Amino acid sequence: MQGPLGGLLVIDFTRYLPGAFASRELRRLGARVVRVEQPGGDPMRQTAPVWHDELNAGKESVVCDLPREAAFAQALLARADVVLESFRPGVAARLGVGPEDAPPSCVYCSITGFGVGNRHEQRAGHDLNYLGWAGGLERTAPALPPVQAADLAAGALGAVTEILAALVARSGARIVVSMTHNAYSLASRADVLTGGFACYSIYACADGRQLTVGALEPKFFRRLCELLGRPELAERQYDADQAALRGELAAVFAREPLGKWLTVLDGEDVCVGPVATRAEAAEFAPAAAGAAPALGAHTDSWRQELAG
């Protein structure tokens with residue numbers, strides 16, 4: 001079935017993760033996506049080929065040497081409903097594919113590290129830098145975050161949100177997404193769920209595996225305590241001494257292996273689950289999308305179509 005964005009053409013000039021993830025989401029919603037790659041291709045083709053395939057399967061690949069072939073790129077822009085780019089501010093315009101080179105009716109979205117009009121505008125960076133500037137690593141450094149939240153949430157999904165809003169408005173738009181500013185919006189929330197509630201924590205089991213507990217609602221926590229054989233702990237759910245309560249729960253969970261706890265708690269409304277391995281989590285993975293197109297696989301067909 002055709003998705004809600006069926007019939008729309010997305011021209012994607014981005015490189016690396018944020019833009020590729022954003023255009024993958026637009027394709028998932030039905031859009032036709034054409035990736036405009038430099039000679040040699042997106043660096044992820046060499047540095048992270050598996051990731052590249054996952055993000056770019058089903059898209060089209062066109063090779064364009066900018067600014068030398070700006071006319072070709074501008075012909076693609078003329079057909080676009082949505083344009084994505086992730087150069088530093090001002091670079092796209094110098095290459096001949098800036099907002100002024102796109103039709104007024106299209107949605108032109110720039111995914112940037114720091115936005116425009118501030119002292120960091122031209123600063124180079126990647127996900128880890130943006131999270132660091134945004135205060136998102138304060139509690140976890142020097143450990144690396146397990147997910148690229150600035151790239152994926154602040155950047156890619158932030159861009160998709162703005163693009164979809166502009167498409168609903170049915171008018172052209174010029175959008176600038178700042179991964180650092182959006183990451184700050186994510187990281188600056190009050191420490192309600194990271195402040196140490198015993199009912200929202202991770203516990204070690206007897207076999208060294210770990211169990212997640214997210215029993216925030218009193219009814220869930222009460223039932224959990226009953227199943228653990230410690231019903232009296234339910235009344236202490238939000239006591240001031242969370243460390244003591246966590247210690248009591250930790251001692252209980254440490255008595256049995258993870259599998260035993262999952263069996264005991266299965267089917268109960270208690271908000272628990274495993275810290276699964278990647279292999280165990282594979283049951284939730286989407287169906288394999290196949291391989292990304294070969295570099296430039298659609299260049300000739302697009303040149304022919306645009307020439308006609």
Side-chain angles (χ1 to χ4, degrees), residues 21 54 127-128 130-158 161 182-287:
F21 191 88
E54 291 177 354
D127 175 89
L128 196 64
Y130 308 141
L131 285 174
W133 280 104
L137 303 179
E138 180 182 8
R139 289 181 173 272
T140 62
L144 291 172
V147 176
Q148 289 71 41
D151 278 354
L152 299 175
L157 295 182
T161 299
N182 284 356
Y184 178 81
S185 295
L186 297 173
S188 62
R189 304 282 75 82
D191 296 333
V192 175
L193 298 183
T194 56
F197 287 138
C199 63
Y200 194 88
S201 194
I202 299 173
Y203 292 94
C205 302
D207 56 355
R209 296 293 302 276
Q210 294 175 314
L211 188 79
T212 63
V213 175
L216 290 169
E217 295 87 343
K219 64 178 181 179
F220 295 151
F221 189 64
R222 186 179 307 110
R223 181 57 179 155
L224 175 62
C225 293
E226 291 171 356
L227 293 167
L228 297 180
R230 297 294 306 275
E232 74 281 3
L233 295 181
E235 301 306 315
R236 295 165 55 188
Q237 182 175 9
Y238 291 114
D239 280 1
D241 192 353
Q242 288 293 304
L245 177 56
R246 185 181 296 102
E248 299 267 14
L249 290 171
V252 176
F253 286 122
R255 295 172 188 164
E256 301 288 350
L258 174 65
K260 175 65 178 295
W261 287 122
L262 293 179
T263 298
V264 169
L265 302 174
D266 188 47
E268 297 282 351
D269 280 343
V270 291
C271 299
V272 300
V275 175
T277 65
R278 292 287 182 88
E280 291 167 341
E283 66 172 298
F284 300 106

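Note that the coordinates shown come from a computational prediction; the quantities given were computed from them, not determined experimentally. Along the sequence shown, residues are numbered consecutively beginning with 1.
The distance from the SG atom of C199 to the CG atom of L224 is 9.5 Å, given to the nearest 0.5 Å. Between the SG atom of C225 and the CG atom of L245 there is a distance of 7.0 Å, given to the nearest 0.5 Å. A distance of 10.5 Å separates CG of N182 from CG of L157, quoted to the nearest 0.5 Å. The structure places CD of E138 at 9.5 Å from OG1 of T140, a figure rounded to the nearest 0.5 Å. The distance from the CG atom of D241 to the CZ atom of R246 is 9.5 Å, given to the nearest 0.5 Å.
Taking both residues in full, the closest heavy atoms of A198 and Y203 are given as O-OH, 2.6 Å, listed atom of the first, atom of the second, then distance. Contact record, Q242 with G196: CB-O, 3.4 Å, taken as the closest heavy-atom pair. Contact between F221 and A215 at its shortest, heavy atoms only, is CB-O, 3.6 Å. The shortest heavy-atom contact between A206 and A254 is CB-O, 3.3 Å. When all heavy atoms of Q237 and P218 are compared, the closest pair comes out as OE1-CA, 3.3 Å. Closest of all the heavy-atom pairs between D127 and A150 is OD1-N, 2.8 Å.
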For F21 and D151, what are the C-alpha separation, side-chain angles and deciding distance, and is it a side chain to side chain contact (heavy atoms under 4.5 Å, CB included)? CA-CA 9 Å; F21 191 88; D151 278 354; over 6 Å; no
CA sep, side-chain torsions, deciding dist, call: L227, V270, side chain to side chain contact (heavy atoms under 4.5 Å, CB included): CA-CA 9 Å; L227 293 167; V270 291; 3.9 Å; yes
Apply the test side chain to side chain contact (heavy atoms under 4.5 Å, CB included) to residues L211 and L262: give CA-CA distance (whole Å), side-chain angles for both, the deciding distance (0.1 Å), then the verdict. CA-CA 9 Å; L211 188 79; L262 293 179; 3.8 Å; yes
CA sep, side-chain torsions, deciding dist, call: T212, V275, side chain to side chain contact (heavy atoms under 4.5 Å, CB included): CA-CA 6 Å; T212 63; V275 175; 3.8 Å; yes
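Checked against side chain to side chain donor-acceptor pair (under 3.5 Å), E280 has the following partners two or more places apart in sequence or in another chain: R209, T277. With sequence neighbours excluded, no residue forms a side chain to side chain donor-acceptor pair (under 3.5 Å) with E217. E226 pairs by the side chain to side chain donor-acceptor pair (under 3.5 Å) definition with R223, not counting sequence neighbours. Partners of K219 by salt bridge (charged side-chain N to carboxylate O under 4.0 Å, His left out), not counting sequence neighbours: none found. Every residue two or more places apart in sequence or in another chain that forms a side chain to side chain donor-acceptor pair (under 3.5 Å) with R139 is listed here: D191.
Under the 30°/60° scheme for interplanar angles, the aromatic rings of Y238 and F197 are found to stand perpendicular.
Applying the salt bridge (charged side-chain N to carboxylate O under 4.0 Å, His left out) definition to pairs two or more places apart or across chains, those involving residues 228-238 are R230-E232, R230-E248, R236-E248.
The number of heavy-atom neighbours closer than 6.0 Å to CG of D239, taken from other residues, nucleotides and ligands shown, is above 12.
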